[in-house]
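A short worksheet on the structure shown next.
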Amino acid sequence: QVQLVESGGGLVQAGGSLRLSCAASGRTFSSYTMGWFRQCPGKEREFVAAISRSGRTTYYADSVKGRFTISRDNAKNTVDLQMNNLKPEDTAVYYCAADFDSVIATRQYRYDYWGQGTQVTVSS
């Protein structure tokens with residue numbers, strides 16, 4: 001069992017930055033591939049970014065590539081999402097997720113554990 005708690009969401013103007021953090025407890029954090037997803041009202045949850053167990057491999061959705069950076073600290077059991085040059089269309093609830101698999105996945109059904117989400121609102 002893994003518990004995930006996100007933090008760092010908030011309200012920011014377009015062009016601004018936010019850093020989301022996800023703290024994990026439970027089973028060995030380094031055994032999990034970690035991902036970030038987001039969901040807008042009335043829309044399906046979508047993949048944002050993922051990072052391998054070691055942190056050496058990352059993968060991003062095209063919509064955030066070059067603006068968002070995912071990183072992890074296995075000693076602290078945390079995974080972060082640095083979001084720069086934010087746009088109004090980035091407004092969503094952002095979720096952290098853990099996948100007990102070595103292969104990075106972009107489909108949400110592959111992930112075994114989820115956090116409760118944190119709201120990010122970008123004003124124009």
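FYI, side chains are in, hydrogens and waters are out, and symmetry mates aren't considered; it's all heavy atoms of this structure. Keep in mind the model is a prediction, meaning the values are calculated, not measured.
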Taking all heavy atoms of [X] and all of [Y], pick out the closest pair and write down the distance.
X: Ala24; Y: Val2; answer: CB-CG1, 4.4 Å
X: Asp99; Y: Val103; answer: OD2-O, 3.8 Å
X: Tyr113; Y: Leu4; answer: O-CD1, 3.5 Å
X: Thr106; Y: Phe47; answer: O-CB, 3.3 Å
X: Ser124; Y: Ala14; answer: CA-CB, 4.3 Å

Please test Ser63 against Arg38 for side-chain contact (heavy atoms from CB on, under 4.5 Å), starting from the C-alpha separation and ending with a verdict.
-> CA-CA 12 Å; Ser63 58; Arg38 65 187 183 187; 3.5 Å; yes
Main chain of [Y], side chain of [X]: is a donor-acceptor contact present, judged purely on distance under 3.5 Å?
X: Asp112; Y: Phe100; answer: yes
X: Thr118; Y: Gly9; answer: yes
X: Tyr60; Y: Ile70; answer: yes
X: Arg67; Y: Asn85; answer: yes
X: Arg45; Y: Gln39; answer: no
X: Thr91; Y: Thr121; answer: no
X: Thr28; Y: Ser30; answer: no
X: Glu6; Y: Gln116; answer: yes

Any side-chain donor-acceptor pair under 3.5 Å between [X] and [Y]?
X: Ser123; Y: Gln13; answer: no
X: Thr33; Y: Asp101; answer: no
X: Ser21; Y: Asp80; answer: yes

Take Tyr94 and Leu81 through the side-chain contact (heavy atoms from CB on, under 4.5 Å) test and state the conclusion after the steps.
-> CA-CA 10 Å; Tyr94 283 72; Leu81 186 68; 4.2 Å; yes
Run the side-chain contact (heavy atoms from CB on, under 4.5 Å) check on Cys96 and Met34 step by step: do they pass?
-> CA-CA 7 Å; Cys96 171; Met34 299 299 296; 3.6 Å; yes
Salt-bridge test for Lys87 and Asp90: reply yes if a basic N is under 4.0 Å from a carboxylate O, no otherwise.
-> no
Roughly how far apart are [X] [atom1] and [Y] [atom2], rounded to 0.5 Å?
X: Ile104; Y: Arg110; atom1: CD1; atom2: CZ; value: 10.5 Å
X: Gln82; Y: Ser17; atom1: CD; atom2: OG; value: 5.5 Å
X: Asn77; Y: Ser25; atom1: CG; atom2: OG; value: 8.0 Å

Would you say Ile51 and Val64 are hydrophobically clustered, going by side-chain heavy atoms of ILVMFWY under 4.5 Å?
-> yes
Are Val93 and Tyr111 grouped together when hydrophobic residues (ILVMFWY) are joined by side-chain heavy atoms under 4.5 angstrom apart?
-> yes
Give a yes or no on this: more than 12 heavy atoms of other residues, nucleotides or ligands lie within 6.0 Å of atom NZ of Lys65.
->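 Count over threshold, so yes.
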Pair Cys22-Trp36, side-chain contact (heavy atoms from CB on, under 4.5 Å): steps then yes or no = CA-CA 9 Å; Cys22 174; Trp36 285 95; 3.7 Å; yes
Is the Lys NZ or Arg CZ of Arg72 less than 6.0 Å from the centre of Phe29's six-membered ring, within 45° of the axis?
-> yes
Centroid-to-centroid, Tyr95 to Phe37, below 6.0 Å?
-> no
